[in-house]
Chemist: 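A single structure is presented below for examination.
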Number of protein chains: 2
Amino acid sequence: MGIAERKIRQKEEFRASILEAAWLQVLTDGWQSLSIRKIADAIEYSVPVIYSHFENKEAILLEFTKEGCQKLADHLQLVKDKHIEPAAQLEAIANAYWDFAFEHKEYYQLMFGLGIPACEQVNSISEMKNMTMVMMSAIKNAISVSKNKDVDFFLKYHTYLSILHGLVSIEMIQKEGKPAEHKKMILQDAISGFIQSLILK
Amino acid sequence: MGIAERKIRQKEEFRASILEAAWLQVLTDGWQSLSIRKIADAIEYSVPVIYSHFENKEAILLEFTKEGCQKLADHLQLVKDKHIEPAAQLEAIANAYWDFAFEHKEYYQLMFGLGIPACEQVNSISEMKNMTMVMMSAIKNAISVSKNKDVDFFLKYHTYLSILHGLVSIEMIQKEGKPAEHKKMILQDAISGFIQSLILK
DNA sequence: TTATATTTGCTAACAGTGTTAACTTAACCA
DNA sequence: TGGTTAAGTTAACACTGTTAGCAAATATAA
C-alpha cells in the first residue's frame, strides 16, 4: 500500500510549501503584511486549501514560533557547550542570543513581539521549553560556583532573560544608527554587571 | 465674534469625545479590538466625521502615545525629585516605571509594544523626549558621584532603560502568577546590580 | 466495469477592517 | 432671500480571516 504513504508525503509537501510561501512573504514585507490570500496566491491554490492544512492563521504563526524557538535553542546549546566556566557560558549565551535576534529578526519579533504568547501556551510549546532550559542550566551552573548559593534560581534566570530581551527590543526599535560594535558594548556592559553580581557577591 | 470661538471649542470637545470613546473601547477590549467604526458607533456619528478630526487611525494612537509618555514623564519627575542621592533616584525611578507599566498597561503596550515607533518619530515626539530626559538626568547625577567618571553616559542610560523594559515586558507576557512582591524582587535584584556597577566600580 | 462514496478544490459569501468619494442637508453671511 | 461654505451622511473600494456549499476528480465496493 504505497498509495497511502504517497498521499501522506504529498500532504506533507503541500504543508511545507504553504510555510515556504508564507516565510517568503514575511521576509519581503514583514509579519504585518502576511495574509492567507497572499499565501494562496503564491502557491497558486484557492484560499480554503490552506485551512485544510492549518486550523487558522494563528496555527501558521505558531509553526514559525516553534521553528524559531528550536533554532535558538540549538544555537544556544551549541555555544554553551563550548565553555566550561559558568560565567563564560552566560556571556557566550548572551552574545549568541543577541546575534540570533538581529540575524533572524523575523523569528525574534514573532517569538517575543507579535505572538504575545499566553503563559499556558508558552508551557505547552516544547520548543520554547528547550530554549529556556539551556539558559536555566547555565544559570544553575553559575549559582553552583557562586559564593552565595542561596540566591533565588528562578529570580536570577528571570533577570537574565529580561536584560537580554530588554536590550534587544530597545535596540530593535531604534533604526540602525550606531555601529555594531557599540551595540555589543551595551550588551557587554549589562551582562558583565549581572554576572559579577551573581558570582562574586 | 464669539461664534468662531465657540466653534473651535466645540471642535475641541468633539475631538476629546472621540478620544474618550476610543479610550473606553481600549480599556474594555484592548488595542487590538479598537476600530474606527466602533468609535463612530459610540459617539453616535458616522465614520467619516472621525477622519475630519484625525488624519487616520495611527494619528489617534499617536495621541495616546503622547499622553502616555507625558503621564510617565511627570510621574518619574515627581518621584525623582523626592530623592537627592542619585542611587536613590535611580531606584525610585525604576520602581515608578514598573508601577506605571502595570497600572497603565494600555498606555505601556502602546508606547513600547504596538507603536513600534521609528526612530525619527521617537525624536519628534516631544513628550517622549521629556520622559527620557528624566531618566537621563538621573543617570548623569549618578555618574557625577561615581568613582569612575569616564563611563559612557549614553551606554549607561541605554542599559538602564533596557533592563527596565525587559523586566516589564517579560513580566507582562506571563499571566498573573507570582504575587506582586515577588515580581518587585526581580526588579530590585536587577536594578541594584546595575546601580552598584555604575557607582561603586 | 459500473455505481457509490470520499476526498479535493473551487466559488462565493459573511463579517469584519481602514479609508474616501460623492451627495445631501444645515448653517452662515452678504 | 440667494449663494457659499461647512457638517454629516450613505455607499463604496480594497483589504482582512473564515467558512458554507457545490462540482469535479479520485478511490472504493459490488
Side-chain angles (χ1 to χ4, degrees), chain A residues 1-26 28-65 109-110 113-116 121, chain B residues 1-26 28-65 109-110 114-116:
Chain A
M1 267 295 179
I3 295 172
E5 288 166 7
R6 190 210 65 204
K7 282 207 163 183
I8 292 174
R9 205 172 56 240
Q10 281 182 342
K11 191 145 187 160
E12 200 57 47
E13 281 170 17
F14 205 133
R15 196 185 139 92
S17 81
I18 290 173
L19 291 174
E20 196 184 335
W23 187 242
L24 212 76
Q25 190 69 50
V26 169
T28 51
D29 292 330
W31 287 111
Q32 307 288 351
S33 142
L34 179 66
S35 87
I36 304 286
R37 277 177 175 81
K38 284 179 191 167
I39 298 173
D41 271 9
I43 61 174
E44 293 180 306
Y45 274 87
S46 67
V47 168
V49 299
I50 292 173
Y51 284 89
S52 63
H53 290 84
F54 296 93
E55 201 187 337
N56 50 30
K57 190 182 180 181
E58 207 182 324
I60 297 176
L61 298 186
L62 183 64
E63 201 61 34
F64 287 114
T65 303
Q109 283 171 1
L110 181 65
L114 298 176
I116 315 173
Q121 268 201 350
Chain B
M1 267 294 179
I3 296 174
E5 288 163 9
R6 190 209 64 203
K7 282 207 163 183
I8 293 173
R9 204 173 57 240
Q10 281 182 340
K11 190 145 188 159
E12 201 58 47
E13 281 170 16
F14 206 134
R15 196 185 139 93
S17 81
I18 290 173
L19 290 174
E20 197 184 334
W23 187 242
L24 213 75
Q25 191 68 51
V26 169
T28 51
D29 292 331
W31 286 112
Q32 306 290 348
S33 142
L34 178 66
S35 87
I36 304 286
R37 276 177 177 81
K38 284 179 190 166
I39 298 173
D41 271 9
I43 61 174
E44 294 180 304
Y45 275 86
S46 68
V47 168
V49 298
I50 292 173
Y51 285 90
S52 64
H53 290 85
F54 296 93
E55 200 187 337
N56 49 30
K57 191 182 179 182
E58 208 183 322
I60 297 177
L61 298 186
L62 183 64
E63 200 62 34
F64 287 114
T65 303
Q109 283 170 2
L110 182 64
L114 297 177
I116 316 174

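Chain naming here is simple, since letters A, B, ... match the order of the sequence lines and numbering starts at 1 in each. Scope of the values below: all heavy atoms of this structure, side chains included, with no hydrogens, waters or symmetry mates.
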Chemist: Report the distance from atom OH of Tyr45(A) to atom P of dT11(C), rounded to the nearest whole Å.
Modeler: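 Taking OH of Tyr45(A) and P of dT11(C), I get 13 Å after rounding.
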Chemist: Please test Phe14(B) against Ile43(B) for side chain to side chain contact (heavy atoms under 4.5 Å, CB included), starting from the C-alpha separation and ending with a verdict.
Modeler: CA-CA 9 Å; Phe14(B) 206 134; Ile43(B) 61 174; 3.8 Å; yes
Chemist: What integer distance in Å separates His53(B):NE2 from dG8(D):C1'?
Modeler: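 It is 11 Å, rounded to the nearest whole Å.
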Chemist: What integer distance in Å separates Lys11(A):NZ from dG9(C):C1'?
Modeler: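 Going from Lys11(A) (NZ) to dG9(C) (C1'), I get 12 Å.
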Chemist: Side chain to side chain contact (heavy atoms under 4.5 Å, CB included) for Leu62(B) and Phe54(B)? Distances and angles first, verdict last.
Modeler: CA-CA 10 Å; Leu62(B) 183 64; Phe54(B) 296 93; over 6 Å; no
Chemist: When the distance from CD of Gln10(A) to C1' of dT8(C) is rounded to whole Å, what number comes out?
Modeler: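 The distance from CD of Gln10(A) to C1' of dT8(C) comes to 12 Å, rounded to the nearest Å.
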Chemist: Would you check, one step at a time, whether the test side chain to side chain contact (heavy atoms under 4.5 Å, CB included) holds for Leu19(B) with Ile60(B)?
Modeler: CA-CA 7 Å; Leu19(B) 290 174; Ile60(B) 297 177; 4.1 Å; yes
Chemist: Rounded to whole angstrom units, what separation is found between the CD1 atom of Ile18(A) and the C1' atom of dG9(C)?
Modeler: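 About 13 Å, once rounded to whole Å.
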Chemist: Rounding to a whole Å, what distance do you find between Asp41(A):CG and dC10(C):C1'?
Modeler: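 About 14 Å, once rounded to whole Å.
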Chemist: Check the distance between dT18(D)'s C1' and Ile60(A)'s CD1 and give it to me in whole angstrom.
Modeler: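 Rounded to the whole Å, the gap is 12 Å.
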Chemist: Of the non-hydrogen atoms in Val47(A) and Arg37(A), which two are nearest, and what is the gap between them?
Modeler: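 Scanning both residues completely, I find the closest heavy atoms to be CG2-CG, 3.7 Å.
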Chemist: Listing request: all side chain to side chain donor-acceptor pair (under 3.5 Å) pairs with a residue in residues 10-20 of chain B, at least two apart in sequence or in separate chains.
Modeler: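 Pairs touching residues 10-20 of chain B that pass the test: Arg15(B)-Glu63(B).
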Chemist: Can you check side chain to side chain contact (heavy atoms under 4.5 Å, CB included) on Ile39(B) and Gln25(B), steps first, answer last?
Modeler: CA-CA 8 Å; Ile39(B) 298 173; Gln25(B) 191 68 51; 5.5 Å; no
Chemist: What string of B, S and - do you get for nucleotides 15-22 of chain C, 5' to 3', if B is base contact, S is sugar-phosphate-only contact and - is no contact with any protein heavy atom under 4.0 Å?
Modeler: --BBBBB-
